[in-house]
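A quick write-up on the structure given underneath.
Just so we're clear, the structure is a prediction, and the values are computed from it rather than from any experiment. So that the names make sense, note that chain A is the first sequence line, chain B the second, and so on, each numbered from 1.
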Amino acid sequence: MSEFLTLVVPMWVVFTLAAQGTILSGRTGVFNVTQEGVMALGASVGFVVAYKMGSNLGGLLIAFAVGALVGLVLTVMTTQLRLDQFVVGLALFFAATGAAGLLYREVIGVTMTPPKIDTLTKHEIPLLSDIPVIGEPLFRQDYVFFFVVLLSVGLYWFMQRTGAGLNFRSVGENPKAADSLGINVNLARTWSTIVGSGLVAVAGAYFPLHFTGIYTDGMIAGRGWLVIALAFLGGWRPLYVVAGAAFFAGMDVLGQKAQVIGLGVPHQFIEMLPYVATLLVMVFAFRWARQPAHLGSNYDRESRLAG
Amino acid sequence: MSTVEQTPPTPGSGGPPSAPAPRGHGSGAVTGVAWTVLPYVASVVLAFLVGGLLIQAMGYSAVDALEAVLTSSFDSRFGMVETLHKWVPIVLCAYAFAIPLATGKFNIGAEGQLLLGATGGAAIGITFSDLPAVLLLPAMLVAGVLAGALWAGIAAVLLVRFRVNEVLSTVLLNFVSFRLIDWVATSVWPDAGAGHPATTPVGDGARLPLIGEAPGLHSGVLLVLALAVFIAVGMRFTPTGFEMRAVGDNPRASLINGVKTSRLAGAGLVIGGGAAGLAGAIDVAGVQGRMLEGMQSNFLILGIIVGLMARGSMLALPFIAFGIAVLEFGAGTMQLVASVPVEMVLVIEALILLFLLLSDIVRNRLRGAA
Amino acid sequence: MTTAPRLEMTEVVKTFGPVRALDAVSLQVGAREVHGLLGGNGAGKTTLMNVLFGLYRADSGAVRIDGREVTITSPRDAIELGVGMVHQTFLQVDTYTVVENVVLGTTLEGGSHGAGLSAARARIADISERFGLHVDPDAVMEELPVGIRQRVEIIKALYRGASVLILDEPTTNLTPQEVDALFTSLRTMVAEGMSVILITHKIRETLAVCDKMTVMRDGARVQTLDRAETDADHLAAIMVGESHGTYQAPTVTEAVALGTAPQGTVVGDVPETTFEPGVSVRGMTVRNDHDVELISGFDLEVGKGEIVGFAGVAGNGQVELAETLAGVRPLQSGSITIDDLVLSDRATAQWLDAGVAYVPEDRHRDGILPTSGITENLLLGSHRSARVRKSGLIDWRAARQRAQEAIEKFAIRADSPATRAGDLSGGNIQRVILARAFAHRPRLLVLHNPTRGLDIGSTRFVYEQIREVTAAGCSVVVISEDLDEVIAIADRVIALYQGSQAGEWRSDRVDPYEIGRRMTGLGTSVGGAA
Amino acid sequence: GGSDESGGGGGDKVAGIFSGPVTDADLNALGLDALKAAEKDGAEISYAESVAVPDIEGKLRQYVSGGYSVVWTHGSQFYDATAKVAAENPDVNFIAEFDGVPEDQPENLWVIDRNFHTVFYPLGVLAANLSSSGKVGYLGGLSLPFSYAEVHALEQGIEDSGKDADLKPVWTGDFNDTVKATQFTSQLLSGGNDVIVTSLNLGVVGAFEAMKGTPAGKNWITVKYTDKSANDPEHYAATVLYDFAKPLQAILDEIEGGTRTGVYVMGFGKGADVSIGDNVPAEAKKAAEQAVADVESGATEVELDQSEVK
Ligand SMILES: Nc1ncnc2c1ncn2[C@@H]1O[C@H](COP(=O)(O)OP(=O)(O)OP(=O)(O)O)[C@@H](O)[C@H]1O
Ligand SMILES: Nc1ncnc2c1ncn2[C@@H]1O[C@H](COP(=O)(O)OP(=O)(O)OP(=O)(O)O)[C@@H](O)[C@H]1O
Ligand SMILES: [Mg+2]
Ligand SMILES: [Mg+2]
């Protein structure tokens, strides 16, 4: 069990981080579909900076900044110019994917051995890490893990428990109503998209910084798209996302475990399990899988059609 | 954002994301066409300008690179054949995206549908490899269409019956399909010598006839050309095509006026899946001669780009797809002659798309000022 | 020192592209004053108020509050200056509770749970008490009827300490009793020192509650009058203006607006209908979207050429009734027949084929394809019929031709048949929908709030069209929250309360107050209750 | 160009087509190395990287129409297309890779047989000797016939070693997915496998990452293609080394000499080698080296078994 948790936690970190970033902007109505690209860019930037500066924290922070920049472009294009969110998002996805590869190639170039960085070190929380079963996997972790835990709780607190969160959520539910009460719709959308996109990039940076120590093209391998699925699965709510991410990561690890143990089933079918299971869960998820009413639609104060 | 009771609301508002192609202001068809084409031309020019600057800044020759991108499709028979062979899956995957989009649904699953179509086609082509072409070829193309449609049908059922968001289901089904075809290519009909997950070759009767001397153009291109006309007419002039656009515009108003909206939304996905499945089957019959892993290439993304650029016009779509096929083929040459990384083309495509969006704003300003 | 008026707007100009919505409009509202803002559709009333509330940015012009010039660039500015607005369409978060909606946008001490909201609850209770606006603070918005949601909107403004309260057509959905209650609240407010701006199309209401009134037409102010120096006829004349020809005695249309529709008494026994039998509803049972059985065992006969009107407060099953009669919503049990043709259990398209036409209440949401042209909008619904097709394909040339004819016949203000429906004004959208409905040559016409928000001219036009189809033998069901309208045009009036018939009257013998009681569930039903 | 025409490829226009990026420090980097060696010998070179299997025919034709005299596709997944295009272009020389001996080999096509199973055999012996748990993991990418052959050869090696060890093969589904490789390696380790034989490209870096922090001297990892001991000398056990410059050079020479078709079988001394890390216990090292010698001398015959691994 402890081993299982240890294996699950890293992928949980990735999924949670990226999905929290996604729902953050989603709750204000910005439907971000750039994840696959922004995570790749985050991985590339995170690695390149960590390698050149010799600082993993630097890599994470700059990755955040670059992701935030993509978020800024997305939000300017959609809130100021009111271009379609989905189309702009896809365009940015292409651009970010291209930029990720270009950056690595320009800075690192062709090398015989891929340059490698030291991955994040684990920190131990005294006492707690001695708890049987969960102590080792949950309390001996790198700081990104602890950050994600705090972030998730913080987001929950902010969205569900504070007045600011009440105002914040209303932007995605009925922007016109929010606007008419003096809530700055564009501001909320802008900052949530910038921060959210930054978080997505950090999730990408976690790949070289935690898993591999190197950057490779295509290392996100479609997980960015899964993040979008996860946001829906989690009903765009922080704590549900935490659970959903655990489900995704858990199924992933279980699939591998099944192969290692050897079930006599072709391994491809075992690898399908997480996706099939998610689809099955979604069949029953309509109870909680509600999405913000104005997810994906732009707000134009003076338009009579919108809202 | 309007929603139908039967189906969950889709992100990206009720309607297709982009405004429909601009109408000529009653000032004749010529200006109408000009208004439609102009933004595309301007966007492409701007994208190349910005892309060229980037290439130059990275220390390559922008002139060589862009020349390669633009001319390589046209300066040899081979280039044209390759471009058209790429055009087929791009245009079909664009339909796979654009047809469901007409009803307001986002099909992100063309990859999986294409792979299943290829598998279905290959299954027939391998199992009945001795049949003559008159029987085998149509059978395998039909099998491809059905397999793709069936795969999209899963998402359609999940959507219509269980209200599972189609973005989510089609994305997930892509991942499932990768595993499924890997199994088919390595365990069901594996080709031991292929060095790659690939099925054994399909029978000779399952190969599309080639036109002209080698490298020949496969006749699937003509088939798709005919299909393009059929779809353009169908969407504009048939009641079902009209209903699809109506549902995309306002599902509730359509429902109230007798359109079976959720069934239609499901049908849109299934038809789109069929188109992608056909792309797979044609690729097997015309190009690869077998189903192999990776044959979906980046057609999903290209199909989405094209589908979005077409802004609901099934007439414009094949032309845009051709433009993108030229870019994609040119990208390889660009790498060859100017050593510019292929990623550059992704960036240029993104730029075209963004400039195209921005052209809407410019046009609206112009219209407002007029 | 002379005291400046509470609010002063001078020479406000606002254009939308080529449309000059406000053409140097000025407005003065004093303290302790209910100021009526009147005018036809598109006169610019809402636009003027949206400028005041910071939702629209004026091209030029000035706003002074208590004599001090102010700049209002967003609702936040307006709220801080004590301006509150109740919008024509409610601006509420459906999934939030009443109290959450009320506190939205304010700074909450102590979070959005428990402690933070309890202060707000107390404040809401206090406001409710003072102005007679009672609500359950913990009810979820989407489950509340329109009348209550209206109150929440007012409470929202008062909660923010509004000293100038704008109400944009607040009475359209209210029963006479509720209108009276609202007006009492408004008088209390001005008595406490507030100023109220009331936008309405109804002259009776204006005269009942306003101290002063400003009439607008085509983006300009026509005149500002004192209550004392005007009467209904005079006001109506100013509102209709020269553009509608010389002033004539009020027709039934104007009578509705004037609130002078004939009044009668409740009849115990509704006489057997004198119409030839047409539509017959037997034991109809219907569920709402939440699967709650809202209408059960409903019987109804509508004769050929008869107009049956349903009066009721929104949320009493109107939508369900309308949609079921129109074949959009399936019946749980029971039957609907037209001339012995059983329609229940059939697909909507077949209802349309059988001549059922439906004019839904929510034009934008249910009525039109906003990004499609008028041609496409008129085709919708009949697009499968052989009439519109040539060798199997849709004949667009003919469709455009028909659209052009409809534009002329229904006086739709549009450049061409290609004009996008979403770009049309509300009244013109309604004309498009009516044109579509009448093109069906209907045998059953279901109209839900057919004239809501329409000006006198448009309303008259709608009534004329209804008359025309009834003359041709069409059965008509009008479901409206506007009691005056129902009384004015229906042959029979039925009060709808919680999905059942709470009373039935012949329209020449009704007492609006009695209907008002019945539609709010007061008193036992007499006569036709099911 | 080179001044003397002695070396292979002098004056030729040689193109290489690679399946992945040449920055992978692995299979594709080896391909570029081989081309660079040919360039030193006077050839004009060009290459295309990250070419997907569906695009290979187009790419081949592009080089043919670009006037290249020798076109080399690096990776057996390209064999079919290469043979097809070769048959259509009899004037151009082609080099393709294949696992085994192909049928209907065109007159103008050279084949490089990479012979993986033979080279993996000694790793089986080594792994059996290194494992204290008796559990050896094989971490592959795609479950392809050549990977199956590797697994069977490993099993044969384990068997011949006389030790009692089980081989557990798993597949990440992608030779370059570093993240999956990390996860699977962790899984294998936590399943008690203490020797991990990898057959990956870039993915192997992830496998190394997963070894980090586990007991040294107990857990071991072997790699393929290039020496990656620098990643983690403590756990590094061995490399199946490949050098494609050798076959390329030899074939270019043959083409120069007029022989336009043939099969170059790689093996010990012919572009393939097994290199064993310094930390490996002497006994195990000796057993593995003996196995290499036996294969080389012909004393041991490694069976080519491409049947599916269940
Ligand atoms: N957001 C907008 N975009 C474009 N035009 C607008 C917009 N809002 C109002 N207008 C135009 O401004 C004019 C005034 O409209 P407004 O809504 O103020 O009228 P109104 O007097 O409130 O009418 P009604 O009684 O129908 O509510 C109309 O011509 C309308 O088309
Ligand atoms: N959102 C909008 N975008 C663009 N143009 C608009 C918009 N809203 C209104 N218009 C334009 O303004 C014109 C007037 O609209 P408005 O709603 O004021 O009409 P109106 O005078 O109120 O007519 P009606 O009495 O039928 O409501 C419309 O014909 C339309 O072309
Ligand atoms: Mg209007
Ligand atoms: Mg108004």
Give the minimum heavy-atom separation between A:A43 and A:I220, together with the two atoms involved.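 Distance-wise, the nearest heavy atoms are CB-CD1, 4.4 Å.
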Pairs of heavy atoms under 4.5 Å with chain A: top-ranked of B:L358, B:L54, B:L168: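 Top option by heavy-atom pairs under 4.5 Å: B:L168.
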What residue in B:V347, B:I304, B:I305 has the most heavy-atom pairs under 4.5 Å with chain A?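 Counting heavy-atom pairs under 4.5 Å, the top option is B:I305.
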Side chain, backbone, both or neither: which part of [X] has an atom under 4.5 Å from a heavy atom of chain A?
X	value
B:V171	side chain
B:L356	neither
B:S177	neither

For the atom pair CG (A:L90) and CZ (B:F106), what is the distance rounded to the nearest 0.5 Å?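 It is 9.0 Å, given to the nearest 0.5 Å.
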Option passing side chain to side chain donor-acceptor pair (under 3.5 Å) with A:N298 (candidates A:Q85, A:Q80, A:R189):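 Going through A:Q85, A:Q80, A:R189 one by one, the side chain to side chain donor-acceptor pair (under 3.5 Å) with A:N298 is satisfied by A:Q85 alone.
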Side chain, backbone, both or neither: which part of A:A221 has an atom under 4.5 Å from a heavy atom of chain B?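 Backbone only.
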Is it the backbone or the side chain of A:L81 that comes under 4.5 Å from a heavy atom of chain B, or both, or neither?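 Both backbone and side chain.
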In terms of side-chain heavy atoms, does A:Q256 have a donor or acceptor partner in A:E271 at a distance below 3.5 Å?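 No - no donor-acceptor pair under 3.5 Å links their side chains.
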Under 4.5 Å, counting heavy-atom pairs only, tell me which of A:D217, A:L226, A:I228, A:T97 racks up the most with chain B.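 Among the listed options, the one with the most contacts to chain B is A:L226.
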Between A:F93 and A:W225 (judged by ring centroids, cut-off 6.0 Å), do the two rings come close enough to count as a pair?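 Between A:F93 and A:W225, the centre distance is under 6.0 Å.
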Near-ring test A:F232/A:W236, centroid separation under 6.0 angstrom: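 Close enough - the centres of the two rings lie under 6.0 Å apart.
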